[in-house]
Number of protein chains: 2
Amino acid sequence: MTGPQKLSFKQQQLIVREDAIVDAVNGLLARKGYDLMTMDEVAAEVGIAKASLYKHFPSKEALAAAAMIRLLENTLAHVRSLAVSMPAIARLRAILQWALEVRMQGGLPTLPAQNTSLREALVKNMRYVGKVLDLNELLGDLIEQAKKDGAIRSDLPTEVVLFTIYARSCDPSVDYLKMMGQHSDRQIVDFLLLTCFNGLG
Amino acid sequence: MTGPQKLSFKQQQLIVREDAIVDAVNGLLARKGYDLMTMDEVAAEVGIAKASLYKHFPSKEALAAAAMIRLLENTLAHVRSLAVSMPAIARLRAILQWALEVRMQGGLPTLPAQNTSLREALVKNMRYVGKVLDLNELLGDLIEQAKKDGAIRSDLPTEVVLFTIYARSCDPSVDYLKMMGQHSDRQIVDFLLLTCFNGLG
DNA sequence: GTCTATACCATGATAGAC
DNA sequence: GTCTATCATGGTATAGAC
């Protein structure tokens, strides 16, 4: 009986450690972005040696993928947790609000769209691609429902709406507004939600 | 008489060459971003040796600053060229449209907000800071005018509106929509203008 | 077996000699 | 202006300690 127990315990520990690594990557990606994040920093923040990272994740790209997968899973879980009775538009708004709140606490990692080698690595990652497609589909359905409800302009293609929401969640304005320190986090979130769904006018 | 003429000619050439350098930087910043742009690439694109770059610009940061200064000057010129008879909101929309069109042709460089060493270098650059302040003021006035006209919600702080417009000009959605190839450049610009000023609803 | 220390190697920003 | 160092950084691989 000790055999299986020991193994299970070790596996448990492995998961805990990898979770700590992903935590660190998550924060660093949110604060510095992928290009400026270094493996040294990740290791230092976790409190392990740089080489140990490579025992858990084969590359920097894999680390980024792991962080994004966890974010996608959390997002999917949040989307699915929303009451079905809520109108589609309200759910979309709640999702963006949730993302912005996560971001306000420094927990929303973002990846650069221009880094081709990173993108190539991500596209090859089945788990990652699968989650992205799942989320796109889930949100796409909500957007189309909102269009039917007359809550979203029907002359906007669904993908335009989708990208607009995504873009707003990683909008650099947030950083600048936060840096200025004129408004509370709550206010900033409200402003972004307002400009996203209602526009400037 | 040959003395001054010769000098002037050399100066002329200098300017032409530096302009070519800034052209290359402009394109590379637009395509790859600051972190992934290398001095080797810049040199290769201009057709000179890497070390020669340093005869013209003291550092990579200075190159980025030069490109941004030229962009800011072009933007300021465009803003000032707009007819005073146009309503403020129409001018704001025209400015964003212009920026998006420039971007569509790969001519809109962007800088990462997270790179602290770059930001520090820019803040020390008086020419750059001056232009930024000029543009902020010019656009800020337009925004406040548009608010008085009832064309922009008066409950939105001016800086929120300003950042929202800036953010939309370097929105990653553009790249994704372009990559998908479903819409023409003109349509993409229209979609972004619409979602920015009128919102999704 | 898992972590650490260290070595390796490419890249990329600068600097100095022609 | 070019060519050729220099020097730091950072991603990756290996070898040995608990």
Side-chain angles (χ1 to χ4, degrees), chain A residues 2-21 24-25 28-29 31-67 111-112 114-122, chain B residues 6-7 9-22 24-25 28-29 31-67 111-112 114-122:
Chain A
T2 54
Q5 258 189 351
K6 224 174 182 176
L7 191 70
S8 170
F9 176 69
K10 276 198 177 171
Q11 284 181 330
Q12 206 88 357
Q13 276 212 324
L14 191 84
I15 291 173
V16 169
R17 199 151 332 169
E18 300 203 336
D19 232 53
I21 293 173
V25 172
L28 283 167
L29 284 181
R31 288 202 302 278
K32 320 191 56 173
Y34 179 78
D35 296 321
L36 266 45
M37 177 187 86
T38 73
M39 299 298 267
D40 295 86
E41 285 171 320
V42 177
E45 194 158 313
V46 180
I48 62 176
K50 180 165 67 155
S52 302
L53 285 181
Y54 286 88
K55 302 290 179 184
H56 297 277
F57 298 92
S59 67
K60 189 182 177 185
E61 280 111 352
L63 271 183
L111 297 185
Q114 301 132 327
N115 192 325
T116 43
S117 67
L118 173 61
R119 241 217 327 268
E120 278 164 22
L122 288 176
Chain B
K6 224 174 182 176
L7 191 70
F9 177 70
K10 275 196 180 173
Q11 284 181 331
Q12 206 86 358
Q13 277 212 324
L14 191 83
I15 291 173
V16 168
R17 202 155 335 192
E18 299 203 337
D19 232 54
I21 294 173
V22 175
V25 172
L28 283 166
L29 284 181
R31 289 201 302 277
K32 319 190 58 174
Y34 179 79
D35 296 321
L36 265 46
M37 176 186 87
T38 73
M39 298 299 265
D40 294 85
E41 286 170 319
V42 177
E45 194 156 313
V46 180
I48 62 176
K50 178 166 69 155
S52 303
L53 284 181
Y54 286 88
K55 303 289 178 186
H56 296 278
F57 298 92
S59 68
K60 188 182 177 185
E61 280 110 351
L63 271 183
L111 296 184
Q114 301 132 326
N115 192 325
T116 43
S117 67
L118 173 61
R119 242 218 326 269
E120 278 165 22
L122 289 176

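Below, chain A is the first sequence line, B the second, and so on; all start at residue 1. Keep in mind the model is a prediction, meaning the values are calculated, not measured.
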A:I15 side, atom CD1; A:H56 side, atom NE2 - distance, nearest 0.5 Å: 12.0 Å
Interatomic spacing from CG in A:L111 to CG in A:D35 - rounded to 0.5 Å: 9.5 Å
Short side-chain N/O contact to D:dG1 OP1/OP2 from B:H56, under 4.0 Å: yes
Residue-phosphate contact under 4.0 Å: A:S52 side-chain N/O, C:dT4 OP1/OP2: yes
Rounded distance (Å) that lies between atom [atom2] of [N] and atom [atom1] of [X]:
| X | N | atom1 | atom2 | value |
| --- | --- | --- | --- | --- |
| B:E61 | C:dA13 | CD | C1' | 10 Å |
| A:Y54 | C:dA7 | OH | P | 18 Å |
| B:L53 | D:dC3 | CG | C1' | 14 Å |
| A:L14 | C:dT2 | CG | P | 7 Å |
| B:K50 | C:dT14 | NZ | P | 10 Å |
| B:L28 | C:dG12 | CG | C1' | 14 Å |
| A:L63 | D:dG10 | CG | C1' | 14 Å |

B:K32/B:E45 ion pair, N-O < 4.0 Å: no
For the student: nearest non-hydrogen atoms of A:V46 and A:A20, plus distance: CG2-O, 4.1 Å
Sorted by number, the residues of residues 35-42 of chain B with heavy-atom contact under 4.0 Å to DNA chain C: B:M37, B:T38, B:M39, B:D40
Sugar-phosphate, base or nothing in reach of A:A51, heavy atoms under 4.0 Å: base
Inter- and intrachain pairs under salt bridge (charged side-chain N to carboxylate O under 4.0 Å, His left out), touching residues 46-61 of chain B, at least two apart: B:D40-B:K50
Side chain to side chain, B:V22 and B:F57, heavy atoms closer than 4.5 Å: yes
Any side-chain heavy-atom pair of A:I48 and A:I21 under 4.5 Å: yes
Nearest-nucleotide comparison on DNA chain D, the residue closer to the 5′ end among A:K55 and A:Y34: A:Y34
